[in-house]
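These notes concern the structure reproduced below.
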2 protein chains.
Amino acid sequence: MKKIKIIIADDHELFRNGLKELLKKYNDIDIVDCVGDGEAFLEIIKSTKSIDIVLLDITMPKMDGFEVLNQIKSLNTNIKPIIISMHDDGIYIAKCAKNGAYSYLLKNTDQDELIKVIRIVSEGKKYFSPKISEKMINYMSEQTISENILSKKEQEVLELISKGLTTKEIASKLFVSSRTIETHRANIIKKLEVKNTAELIKKATKINLI
Amino acid sequence: MKKIKIIIADDHELFRNGLKELLKKYNDIDIVDCVGDGEAFLEIIKSTKSIDIVLLDITMPKMDGFEVLNQIKSLNTNIKPIIISMHDDGIYIAKCAKNGAYSYLLKNTDQDELIKVIRIVSEGKKYFSPKISEKMINYMSEQTISENILSKKEQEVLELISKGLTTKEIASKLFVSSRTIETHRANIIKKLEVKNTAELIKKATKINLI
DNA sequence: ATGTGCATCCGTATTTATACGGATATAGAA
DNA sequence: TTCTATATCCGTATAAATACGGATGCACAT
């Protein structure tokens, strides 16, 4: 039988070793290595191939979990990261999900759940528990409060700006003078308290206007 | 005992009525009304207060589910929408989550699951099943493939552009000529195949570069 | 050793965006 | 009704971005 090869990356030694002991008992699991920071982890996976899973903490010295997730993606390995974190903030969860985590567990997760998730993930499936999903979704939906700041026309103009149209193009598309669009642009920029178009689009995206 | 007041909004009459019959059997549930499109639904909730839950389809004539979700948010009611859809695409799920859905069920969900979710949501909690979460998370992480397109410097410049700095400001911040930054800008725009800064920032945000 | 990608630099011309400081008509809210 | 927000329009001036078409030195991989 093929064992699931795992690396543990966590800066708390006690936790790391405890976890190792805990997982030792399972026949289908093989703890290949334990490291205390993100850089050390990356070193290892450069030499050691065929790792299945990394149990990854977010807050680590030198290179944090988010960075590690990014690196894993760009390295084109098939290591599947499971985040084990003490934070249950929606933003953390969403960020990990976005960056390719296969699961997100809290440090107070019980043993059975952990084993269950390891086995699910080892088959290439992602698993996020309903509680974790709820947190993330709450966060995602909160990000959409700020509507109604812009008038309908302004919203329309913003939409077209974001599509790459110039003032002139927008003007002819909406059958108005380009002066009008210029004014709209100026007002939009003022309302969102930004300096220029680049910052505008960034902010508008952030608060979900486009 | 207080019943959970529900409205069903779905354009398929058979499904709508079937669902109604099905839910009739439960003592703690009260189907207040059934409608076939989004506009009709909005009409009803304007007059009828104290609805707890709407079972909402996405594809509907006149006004689709996404629009309805948006309206519900801006109307400041405490109706909790549960999406019942036949699509299990990640993008649909993510969009609903973002727009304030309390749950997302597929039309082939079994009865027990539906009742369970209705009861959970009626208490104000959100619930997304692991399968649905998986779909959504897969979608979210796919949105983040394209790294490594830009060089480090280009990435750095992009970051500063998105913060609203002008070419000149970036140049002096990075101790290089503004010509250099101009070239970087041009190259970034070319690489991401966009027309101008506005579109650039939008795309960069979308593919998670900033 | 040779090539490829990258960071860096330069000039010129045109197009856009931004910053001023106005004005009017209309519709909806107070 | 009066106030307020909105959409629309106008001019002038400067700042910035974009489009051309180049060039060099350096590092890294083949």
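Predicted model only: the values in this text are computed from it and were never measured. By convention in this document, chain letters (A, B, ...) are assigned in the order of the sequence lines, proteins followed by strands, and residues within each chain are numbered from 1.
- Summarising the geometry, the separation between CG on B/Leu174 and P on C/dC6 is reported as 18 Å, rounded to the nearest angstrom.
- In this structure, of D/dA17, C/dA17, C/dC9, it is C/dC9 that holds the atom nearest to the side chain of B/Val176.
- B/Glu182 has its CD atom 17 Å from the P atom of C/dA7, to the nearest Å.
- For B/Ile188 and D/dA17, the CD1 to P distance is 12 Å, given to the nearest whole Å.
- If you check D/dC10, C/dA7, D/dA17 against the side chain of A/Thr183, the one that comes closest is D/dC10.
- Each of B/Ile189 and A/Ser178 was assigned the nucleotide of DNA chain D with the nearest heavy atom; the assignment lying further toward the 5' end belongs to A/Ser178.
- Residue A/Lys195 contributes atom NZ, which lies 12 Å from atom P of C/dT18 at whole-angstrom precision.
- Within 6.0 Å of atom NZ in A/Lys107, more than 12 heavy atoms from other residues, nucleotides or ligands are found, so the atom counts as buried in its surroundings.
- A side-chain donor from one of A/Tyr104 and A/Ser85 sits under 3.5 Å from a side-chain acceptor of the other.
- In this structure, the CZ atom of B/Phe175 is 12 Å from the P atom of C/dC9, given to the nearest Å.
- In this model, the phosphate group of C/dT16 is approached by a side-chain N or O of A/Lys168 to a distance below 4.0 Å at OP1 or OP2.
- Within 4.0 Å (heavy atoms only), B/Asn196 reaches sugar-phosphate atoms of the nucleic acid but no base atom.
- In this structure, of C/dA17, C/dA7, D/dA17, it is D/dA17 that holds the atom nearest to the side chain of B/Thr166.
- Using a 4.0 Å cut-off, some side-chain N or O of A/Thr180 falls inside it from OP1 or OP2 of D/dC9.
- Here the side chain of A/Lys191 is nearest to one of D/dT18, D/dT6, C/dC10, namely D/dT6.
- Side chains of A/His87 and A/Asp89: no donor on one and acceptor on the other come within 3.5 Å.
- With sequence neighbours excluded, the residues satisfying salt bridge (Lys or Arg N to Asp or Glu O under 4.0 Å) with A/Lys153 are A/Glu156.
- Separating the CZ atom of A/Arg179 from the P atom of C/dA23 is a distance of 17 Å, rounded to the nearest angstrom.
- An OP1 or OP2 oxygen of D/dT18 is reached within less than 4.0 angstrom by a side-chain nitrogen or oxygen of B/Thr197.
- In this model, the phosphate group of C/dA17 is approached by a side-chain N or O of A/Arg185 to a distance below 4.0 Å at OP1 or OP2.
- Annotation: cation-pi pair A/Lys125/A/Tyr102 absent, no NZ/CZ under 6.0 Å from the ring centroid and within 45° of its normal.
- Checking the phosphate oxygens (OP1, OP2) of C/dT8, a side-chain nitrogen or oxygen of B/His184 falls inside 4.0 Å.
- At whole-Å resolution of the value, CG in A/Leu200 and P in C/dA17 are 12 Å apart.
- Distance NZ (A/Lys190) to P (D/dA5): 13 Å, rounded to an integer number of Å.
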